[in-house]
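First up is the structure itself, then whatever we jot down about it.
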There are 2 protein chains.
Amino acid sequence: MAPRRPSSRAKILKAAAAVAREAGIGHFSLDAVAARAGLSKGGLLYNFPTKSKLLEALVEEHLVEFEAELSNYAACSAGRPNALAASFLAVTRDQDYPQEQQPAGLLAALAKDPSFLEPVLRFNRQTLTRMTATASDPHMVLVAFLAIEGLRLTRLLGLDVLDASERAAAYAKLEALLAASTPA
Amino acid sequence: MAPRRPSSRAKILKAAAAVAREAGIGHFSLDAVAARAGLSKGGLLYNFPTKSKLLEALVEEHLVEFEAELSNYAACSAGRPNALAASFLAVTRDQDYPQEQQPAGLLAALAKDPSFLEPVLRFNRQTLTRMTATASDPHMVLVAFLAIEGLRLTRLLGLDVLDASERAAAYAKLEALLAASTPA
DNA sequence: TTGACTTCACCGACCAGACGGTACAGTTAA
DNA sequence: TTAACTGTACCGTCTGGTCGGTGAAGTCAA
C-alpha cells in the first residue's frame, strides 16, 4: 500500500486530476495523464498497472483529502449543535471553487465503472450516520445533508444554478437551520 | 424539427436510454444502441447523423418529459404556498426509482461533452427563479431546491445513502418546511 | 398504363484513429 | 550486481463515422 517512491505516485495523481478536469471525463486517457505528469506511458503503468488502479487511487485520494479537511473544521464546530453537519457545511462553503477545480476524477471513475464510487458511498453513509446520531432534530439534519450534497454535486456536474448571493444565502440559511434546529 | 417517421426516432431514443443505463456510461456506443433498437448502424446514423446529435436528443427528451411531469403535478399543488417547489418535490418523490431506472443518458451526454447539459442548466435556473419569485421565504426555497437536487443527483450517480425510511422522513420534512415557511 | 427517375429509409462493409496494455531494453541509485 | 524505475515500440480492440449500395414507394411524362 505504501508507495516506494511517493513522488512519482503523487505527481501522477495530480496530473490525473488535472486531466480529468481539463480534458473532460470521457477523454481521460493514460497517454494524456502520462504526458501531463511528464512521464512515459511505461512509467505510468509501472506505478499504476491498470487504468482501474489509477482511478481507484484517485477516488481514494479524494476521500482522504476530504476527510482531513472535514476534521480540520471539526475543532471550530465543536460544542455547537449538529457539529458534524456544521463542519460539513463549512467545508463545502469554503470549497466553493469554480467548476474548473472540481474533483473530476470522481466522474472519470464513474464513467469507467460505477462501482468505483462505492468508497464514496460508504463514506457518505458513515458521515450521515454520525451526523444524525447526535442531532436534536435528525430529520432537519437529513434535509441539510441533502442540500449540501445538492450544492456539491451540482457543482461537480456543472449544473450549479445559484449565483453568488444565492449561494451565500443558502449557506446562511442552512447554518441557521442547523444551529436552531429543534424537533418540529 | 418534426420527425417524418417518429417511430424509428422514438425507438432509438428508448434504446439509447436503455443502453446508457445497462451498459454504463462510458460504454455508450452507437453499435450497442443500434443493436438494441433492432437497427443497423447505418440506419441509426440515418436518423441521428452523429453521436452528439443522439445525445442532444436524449437530453432534450428527458427535459420535455420532466417538464410534462412537473406540470402534471402543478394542479395538485395549486394554491398551496410554494406551489412549484411542492410540485418539484412531489415529482421527485414519485420518481423514487431504483438506480437501474435513472436517466443515465444525461451522464452519457456529460461524458461526451459537459456542454450537452446546458439545456438542463437553463431549465433548472428557470425553475428555481419561478420557485423563489412567489415564495414567502425565498431562502427556505433555495435550501429546499438544493435538497431536492441532492436527492435527484445522488440517485442518478448511485450515491444515494438514505434508506427508505430516511427518504420518507426527508420528503415529509421538506414538505413541512415548504408548507410552513415564513421568513425567518 | 408504363417505364424512367427520384426520394426515403436503411443496410453493412470498411476505415482511421484512439486507447489500454505488453514486451523488453536501457538507466540509475544503493 | 541488483532492484527500482523509465522509455519506446508495438499490438489488438473498440468505435465513430463514411460510403456505396438496395428495395420499396411515389412521381410523372408520354
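Since the model is a prediction, treat every value here as computed from it, not as a measurement. Every chain is numbered from 1, with letters handed out A, B, ... down the list of sequences.
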d([atom1], [X]; [atom2], [N]) in whole Å:
X	N	atom1	atom2	answer
A:Leu44	D:dT8	CG	C1'	15 Å
B:Arg9	C:dA9	CZ	P	12 Å
B:Leu54	D:dG17	CG	P	10 Å
A:Phe48	D:dC5	CZ	C1'	14 Å
A:Leu45	D:dA4	CG	C1'	16 Å

So, does [X] get its side chain near the phosphate of [N], meaning an N or O under 4.0 Å from OP1 or OP2?
X	N	answer
B:Tyr46	C:dA9	yes
B:Ser40	C:dA13	no
A:Asn47	D:dT6	yes
B:Ser8	C:dC10	yes

Qualifying salt bridge (charged side-chain N to carboxylate O under 4.0 Å, His left out) pairs, either residue in [range], two or more places apart:
range	answer
residues 16-34 of chain B	B:Glu22-B:Arg36, B:Asp31-B:Lys41
residues 113-128 of chain B	A:Glu166-B:Arg125
residues 67-76 of chain A	none

[Y] side chain reached by [X] side chain, heavy atoms, under 4.5 Å:
X	Y	value
A:Leu177	A:Lys173	yes
B:Leu84	B:Leu70	yes
B:Phe88	B:Arg152	yes
B:Asp96	B:Arg167	yes

Quick check for you: among C:dG20, D:dT6, D:dG16, whose closest atom lies nearest to any side-chain atom of B:Lys51?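 Closest nucleotide among those given: D:dG16.
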Please pick, from D:dG7, C:dC11, C:dT22, the nucleotide with the shortest atom-to-atom distance to any side-chain atom of B:Leu39.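 For the B:Leu39 side chain, the nearest candidate turns out to be C:dC11.
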Determine whether a donor-acceptor pair (N or O, by modelled atom type, separation under 3.5 Å) exists between the side chain of A:Ser77 and the backbone of A:Ala74.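 No, A:Ser77 side chain to A:Ala74 backbone: no donor-acceptor pair under 3.5 Å.
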C:dG21 base / A:Lys41 side chain donor-acceptor hit below 3.5 Å: yes
Please go through B:Phe48's hydrophobic cluster and name the other residues, only I, L, V, M, F, W, Y counting, with side-chain heavy atoms under 4.5 Å joining them. B:Ile12, B:Leu13, B:Val19, B:Phe28, B:Leu30, B:Val33, B:Leu39, B:Leu44, B:Leu45, B:Leu54, B:Leu55, B:Leu58, B:Phe116
Extract from the structure each pairing of a protein N or O with an N or O of nucleotides 19-26 of chain D at less than 3.5 Å, listing the distance.
none

Would you jot down, in residue-number order, the residues of residues 23-32 of chain A having a non-hydrogen atom under 4.0 Å from DNA chain D? none
